[in-house]
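Notes follow the structure.
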2 protein chains.
Amino acid sequence: MRIGEFAVRAGVSPRALRYYEQQGLLAARREANGYRAYEESDLRLVAEIRDLLAAGFTLEDTRPFVACLRAGHDSGAVCPDSVTVARRRLAEIDGEIRTLLTRRAEISAQLARACGGCAPGPAGRRPFDEGITR
Amino acid sequence: MRIGEFAVRAGVSPRALRYYEQQGLLAARREANGYRAYEESDLRLVAEIRDLLAAGFTLEDTRPFVACLRAGHDSGAVCPDSVTVARRRLAEIDGEIRTLLTRRAEISAQLARACGGCAPGPAGRRPFDEGITR
DNA sequence: CTTGACCTTGACGCCGGTGTCAGGGCTTAG
DNA sequence: CTAAGCCCTGACACCGGCGTCAAGGTCAAG
């Protein structure tokens, strides 16, 4: 199937697909006239890429996952390289969360200091101030 | 004092100071020859900007805080506009934290599914998996 | 006078994942 | 033949907060 239809079915733009190809993921076969031809199985690869991007991985990071699927595994995460990347990302996320919690506390304190009672907010009251492990 | 010395004392680059000025924060007086001349009090303004940037605010967001200090307040956060911005940022942070926690859980689950025992990680054991309010 | 340390403005580069346009080819229906 | 609707490649735009270089002015020390 050609890029237009494939893009719709994969839920991405043709531009994104060409970009993935340019980055060395998702190589499409070519028709005689030069048009890209995608296989059904490529849908799975794109889905993996999208999932990972949505999870905050870079496109670069998706490489081992895609390769893992291409190698015939049911999950893109079962290969050693994928695991390495996933663990690194997990550590990054933990760092980001810690940073955000610190910032949240600082801003919250600022608000409390600045105008006392008007601080917390309307709907969600103190979502993370308590109950944090460490 | 001129931009070079001021930059050192403020702990930022001259480039950053010119950028802040270009964005309409931190207007410096000019000497006869066109050189920028900063006051001691400007150090406080730059400090406020840096603190806020470090806390994840955009430069745009710092505007009301700086204006608040210029208006003579001891804290940049006591003015209504600052409070509004701070609360918005607080809500953004909460959203980001929730997003990250979700992602963390997904990746963590992926790892567990993919290779069972090899998942958690070496040093920090399950930093956020437990003890989350909601 | 010259050197050199400072200052000025203006403009391009970066990073990532696209959106979007330009300029052109293929193919099918009317 | 032509219009229309696909497809192709290449390249610029974006966002934010600067880094960095270019080309040139200022001023004090030697």
Side-chain angles (χ1 to χ4, degrees), chain A residues 1-39 42 45-66 85 88-89 92-93 96 99 103, chain B residues 1-39 42 45-66 85 88-89 92-93 96 99 103:
Chain A
M1 116 194 68
R2 314 225 270 225
I3 201 172
E5 183 190 350
F6 183 74
V8 170
R9 293 186 53 188
V12 303
S13 68
R15 175 72 176 88
L17 293 173
R18 294 194 190 101
Y19 181 63
Y20 299 159
E21 177 172 322
Q22 193 186 0
Q23 299 307 305
L25 309 153
L26 205 67
R29 189 171 56 77
R30 297 298 182 121
E31 293 178 7
N33 57 16
Y35 289 9
R36 266 164 270 251
Y38 294 89
E39 309 297 328
D42 290 329
L45 302 185
V46 176
E48 183 81 8
I49 292 173
R50 302 304 294 189
D51 283 352
L52 292 170
L53 287 183
F57 289 86
T58 65
L59 204 51
E60 193 53 36
D61 285 343
T62 70
R63 217 174 283 279
F65 291 83
V66 174
V85 169
R88 179 177 54 59
R89 179 69 193 133
E92 285 172 9
I93 288 179
E96 292 170 23
T99 297
R103 289 178 181 176
Chain B
M1 115 197 68
R2 314 225 274 222
I3 201 172
E5 183 189 349
F6 183 73
V8 171
R9 293 187 53 186
V12 304
S13 68
R15 177 69 177 89
L17 293 173
R18 294 194 189 101
Y19 181 64
Y20 299 159
E21 178 172 322
Q22 193 186 359
Q23 299 307 306
L25 310 153
L26 205 71
R29 189 170 58 75
R30 295 300 182 121
E31 294 177 7
N33 55 20
Y35 288 10
R36 269 165 267 252
Y38 295 89
E39 310 297 327
D42 291 328
L45 302 184
V46 175
E48 184 81 8
I49 293 174
R50 301 305 294 189
D51 282 352
L52 292 170
L53 287 182
F57 289 86
T58 66
L59 205 49
E60 193 53 36
D61 284 344
T62 69
R63 219 174 280 279
F65 290 83
V66 175
V85 169
R88 178 177 55 60
R89 179 70 193 133
E92 286 173 8
I93 288 179
E96 291 170 24
T99 298
R103 288 179 181 174

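Sequence lines set the chain letters: A, B, ... in the order given, protein chains first and strands last, and positions in each chain run from 1.
- The terminal axes of the helix from C:dC1-D:dG30 to C:dG30-D:dC1, fitted over 5 pairs per end, subtend an angle of 50° to the nearest 10°.
- OP1 or OP2 of C:dT8 sits under 4.0 Å from a side-chain N or O of B:R18.
- Between A:R36 and D:dC8 there is a side-chain N or O to OP1 or OP2 distance below 4.0 Å.
- Qualifying salt bridge (charged side-chain N to carboxylate O under 4.0 Å, His left out) partners for A:R18, counting only residues two or more places apart in sequence or in other chains: none.
- Residues passing the side chain to side chain donor-acceptor pair (under 3.5 Å) test with A:Y38, sequence neighbours excluded: none.
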Taking N or O atoms only and anything under 3.5 Å, show me the protein contacts with nucleotides 1-4 of chain D, one pair per line.
none

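- Side chain of A:D51 to main chain of A:E48: no donor-acceptor pair is present (N/O by atom type, distance under 3.5 Å, no hydrogens or angles).
- Per the geometry, CD belonging to A:E5 stands 14 Å off C1' belonging to D:dC7, to the nearest Å.
- For A:Y19, there are no side chain to side chain donor-acceptor pair (under 3.5 Å) partners two or more places apart in sequence or in a different chain.
- Of the possible donor and acceptor atoms, one in the side chain of A:R103 sits under 3.5 Å from a partner among the backbone N and O of B:A54.
- For the side chain to side chain contact (heavy atoms under 4.5 Å, CB included) test, residues two or more places apart in sequence or in another chain that qualify with B:E92 are B:R88, B:R89, B:E96.
- The separation between B:R63 atom CZ and D:dG16 atom C1' is 13 Å, rounded to whole Å.
- Between A:P64 and A:D61, the closest heavy-atom pair is CD-O, 3.2 Å.
- One can place CG of B:L25 at 11 Å from P of D:dC18, the figure rounded to the nearest angstrom.
- The side chain to side chain contact (heavy atoms under 4.5 Å, CB included) search around B:E5 returns B:M1, B:R9, not counting sequence neighbours.
- Listed by chain and residue number, A:R2 satisfy the side chain to side chain donor-acceptor pair (under 3.5 Å) test with A:E31 (two or more places apart in sequence, or in another chain).
- Residues B:Y20 and B:L59 meet the side-chain proximity criterion, which asks for heavy atoms closer than 4.5 Å.
- With sequence neighbours left out, the side chain to side chain donor-acceptor pair (under 3.5 Å) criterion links B:R63 to B:E60.
- In this structure, the side chain to side chain contact (heavy atoms under 4.5 Å, CB included) partners of A:A55, at least two apart in sequence or on a different chain, are A:F57.
- Atom C1' of nucleotide C:dC15 and atom CD of A:Q23 are separated by 13 Å, given to the nearest angstrom.
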| query | What does nucleotides 16-26 of chain C look like as a protein-contact string, B for base, S for sugar-phosphate only, - for none, at under 4.0 angstrom between heavy atoms? | reply | -BBBB----BB
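- Looking at B:L26 and B:V46, their side chains come closer than 4.5 Å, going by heavy atoms from C-beta outward.
- For the pair A:I3 CD1 and D:dT9 C1', the computed distance is 12 Å after rounding to whole Å.
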For nucleotides 2-4 of chain C, list the nitrogen or oxygen atoms of the protein found under 3.5 Å from its nitrogen or oxygen atoms, one pair per line.
none

